[in-house]
J.: 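The structure's right below; bear with me while I get my questions together.
In listed order, ligands and their atoms are each counted from 1. Computed from a predicted structure; not experimentally measured.
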Amino acid sequence: MERTKILVTGGAGYIGSHAVVELYNAGFQPVLVDNFSNSSEKVLSGIEQILGTKVPFHNIDCNDAEAMRAVFAEEGSLRGVIHFAAFKAVGESTQKPLEYYQNNVGSLLTLLQIMREFGVEALVFSSSCTVYGIPDALPVTEQTPTKKANSPYGATKQMCEDILRDVAAAPNNTLRTILLRYFNPIGAHPSAKIGELPLGVPQNLIPYVTQTAAGIREQLTIHGNTYDTPDGTNIRDYVHVVDLAKAHVVAVQRLLEAQGEAVETFNVGTGRGNSVLEVVQAFERASGQKLNYTIGPPRPGDVPAIYADVTKATEELGFQTTSTLEEALASAWKWQLSLGGEVKK
Ligand code: NAD
Ligand code: WQD
């Protein structure tokens, strides 16, 4: 039987590559688009090693309408799209706001236009818990009010959500969209053939932790320990990237079965909050490595604590997490070791 084709923009990226594997394993035919602006060709060979087959790939920029049109025309029978492609570095977005608005908002507009031209009516969009800002109450549900974004990156996610809600509300709309608000994705595929590959000095916690344990970085700096949390460090909801990837499969299935409203929003996390110190301790247990860390000042813009209420995703999407924090961290460590970084004990 012919596999149902799903276009995956940003399919060579961290989350996209894991979603490609899970889509294929669930019987879909992922078709990848990426311009390697934050990834590399090596990811494609990692995917091929896991699946035992190549997946169709197009090296193009999602902002290039003609090139995107050519992909839709060539592939012929795309049934849906998962739009991962975006720039995602919060700090960099304050330095390069125009590039962020162009790439993140511009690419969505181009994509929507072409999907309409080709009658492709199912879209999963990568949103983020960043839309909640500093929440007034925890855990956050999809009804928790969003706050004005404190970075251009966050603003692009809010704008994209608004665009998709407006499109859904228009008369004669035929597009069905699921907005997935990811919390903090971590870990790697159990094969360690794909994982997170930050360019340069990592800004995110887990790659910094694994690179420190591998001796690539001297020391982890914990950004503040005087927050109003049980141990004073920030609390986040760390979700295994493979669990997150599977949320995309159930979202695509739901869209293709035409269940639910024209636009739906789901939190994707574990429903658990863990502090930075808890992450460090869990990493030490998972890896058997002692981590060199120090406490530094708070990082400007950090949310003291946030974690998800995932009731809606569990009940309506059938989403489930299977990994513990330690398992996710063990997979991140295995991936780090596979990259060949020397381990300093
Ligand atoms: P990533 O940078 O690893 O993946 C994004 C991929 O898109 C990269 O391979 C990049 O080369 C590609 N890309 C970017 N712009 C493109 C363009 N114009 N045309 C073609 N390809 C392009 O990031 P990720 O962590 O996998 O994130 C995927 C999505 O999830 C993004 O939309 C991001 O904003 C969102 N998100 C990520 C996180 C996170 O912590 N990683 C959290 C919430 C939301
Ligand atoms: C996690 C915790 C840091 C590095 C970001 C984006 C968000 C979303 C997910 C895309 C925080 C602490 C970190 C370090 C540390 N992405 N930390 N030392 O900030 O929760 O969220 O990624 O949508 O929009 O803002 O993730 O991994 O940077 O930080 O102490 O060297 O680790 O202060 O408490 P964050 P993170």
J.: Have a look at ligand 1 and work out which part of Ser127, if any, has a heavy atom under 4.0 Å from it: side chain, backbone, both or neither.
T.: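 Looking at Ser127 and ligand 1, just backbone atoms fall under 4.0 Å.
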J.: Counting from 1, what ligand 1 atoms have a heavy atom of Ala85 closer than 4.0 Å?
T.: 7 (O), 13 (N), 16 (C), 21 (N), 22 (C)
J.: Counting heavy atoms only, which of Val279, Leu220, Val90 is nearest atom 6 (C) of ligand 2?
T.: Val90
J.: Any idea which part of Tyr153 is under 4.0 Å from ligand 1, heavy-atom wise: side chain, backbone, both or neither?
T.: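 Only the side chain of Tyr153 comes within reach of ligand 1.
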J.: Does an N or O anywhere in Cys62 fall below 3.5 Å from an N or O of ligand 1?
T.: yes
J.: Would Lys88 count as a contact residue for ligand 2, given that I'm defining contact as a non-hydrogen atom of the residue lying under 4.0 Å from a ligand atom?
T.: no
J.: What are the atoms of ligand 1, with element, lying closer than 4.0 Å to any heavy atom of Ser126?
T.: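 In order of numbering, the contacting atoms are 29 (C), 30 (O), 32 (O), 35 (C).
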J.: Side chains of Val21 and Leu51: closer than 4.5 Å at any heavy-atom pair?
T.: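 They are in contact (side-chain heavy atoms under 4.5 Å apart), so the answer is yes.
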J.: Can you figure out which of Thr221, Leu205, Val276 has its heavy atom closest to atom 18 (N) of ligand 2?
T.: Thr221
J.: Got a salt bridge between Asp162 and Arg165, using NZ or NE/NH1/NH2 to carboxylate O under 4.0 Å?
T.: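 Result for this pair is yes, salt bridge flagged.
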J.: Any ion pair linking Arg176 and Glu121 (charged N to carboxylate O, less than 4.0 Å)?
T.: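 So Glu121 does not pair with Arg176 through a salt bridge.
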J.: Out of Arg236, Lys157, His223, Arg299, whose heavy atom is nearest to atom 19 (O) of ligand 2?
T.: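 Checking each option, the heavy atom nearest atom 19 (O) of ligand 2 is found in Arg299.
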J.: Are Ile60 and ligand 1 in contact, using a heavy-atom cut-off of under 4.0 Å?
T.: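 In this structure, Ile60 qualifies as a contact of ligand 1 - some heavy atom is under 4.0 Å.
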J.: With a heavy-atom distance limit of 4.0 Å, tell me whether Asn204 approaches ligand 2 through its side chain, its backbone, both, or neither.
T.: both
J.: Among all protein heavy atoms, pick out the one at the shortest distance from atom 35 (P) of ligand 2; state its residue, atom name and that distance to 0.1 Å.
T.: Asn184 ND2, 3.6 Å
J.: So which of Ser40, Ala89, Ala86, Ser39 gets nearest to atom 5 (C) of ligand 1, if we judge by its closest heavy atom?
T.: Ala86
J.: For ligand 1, which is the ligand I care about here, please tell me if Phe84 has any N or O atom under 3.5 Å from one of the ligand's N or O atoms.
T.: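 Yes, Phe84 has an N/O under 3.5 Å of an N/O on ligand 1.
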J.: Would you tell me which option among Asp34, Leu32, Ile15, Thr156 has the nearest heavy-atom contact to atom 12 (C) of ligand 1?
T.: Asp34
J.: Please list, in number order, the atoms of ligand 2 under 4.0 Å from a heavy atom of Tyr153.
T.: 10 (C), 23 (O), 24 (O)
J.: Which option out of Asp237, Ile222, Asn234, Ile186 puts a heavy atom nearest to atom 34 (O) of ligand 2?
T.: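 Ranked by closest heavy atom to atom 34 (O) of ligand 2, first place is Asn234.
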J.: Looking only at heavy atoms, is any part of Tyr293 under 4.0 Å from ligand 2, and if so is it the side chain, the backbone, or both, or is it neither?
T.: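 No part of Tyr293 comes within reach of ligand 2.
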J.: Considering only non-hydrogen protein atoms, determine which one is nearest to atom 24 (O) of ligand 2 and report residue, atom name and distance to 0.1 Å.
T.: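 Atom 24 (O) of ligand 2 sits closest to the protein heavy atom Thr130 CB, 3.3 Å.
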J.: Would you check the N or O atoms of Ser128, main chain and side chain alike, for any that come under 3.5 Å of an N or O of ligand 1?
T.: no
J.: Mind checking whether Lys157 has an N or O less than 3.5 Å away from an N or O of ligand 1?
T.: yes
J.: Which bit of Ser107 is near ligand 1, meaning a heavy atom under 4.0 Å away: side chain, backbone, both or neither?
T.: neither
J.: Report yes if some N/O of Asn103 lies less than 3.5 Å from some N/O of ligand 1; otherwise report no.
T.: yes
J.: Under 4.0 Å from any heavy atom of Phe36, which atoms of ligand 1 are there?
T.: 11 (O)
J.: Could you check whether Glu264 pairs with Lys312 (Lys NZ or Arg NE/NH1/NH2 to Asp/Glu carboxylate O, under 4.0 Å)?
T.: no
J.: Backbone or side chain, does any N or O of Phe183 fall under 3.5 Å from an N or O of ligand 1?
T.: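 For ligand 1, there is no N or O atom that lies under 3.5 Å from one belonging to Phe183.
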J.: Give the atoms of ligand 1, by number and element, whose distance to some non-hydrogen atom of Asn63 is under 4.0 Å.
T.: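 Once the distances to Asn63 are compared, the set is 18 (N).
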J.: Applying side chain to side chain donor-acceptor pair (under 3.5 Å) as the test, list every pair that has at least one member in residues 77-92; sequence neighbours left out.
T.: Thr9-His83, His83-Ser107, Glu92-Tyr100
J.: Within 45 degrees of the axis of the six-membered ring of Tyr24 and under 6.0 Å from its centre: does Arg3 put its NZ or CZ there?
T.: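 Yes.
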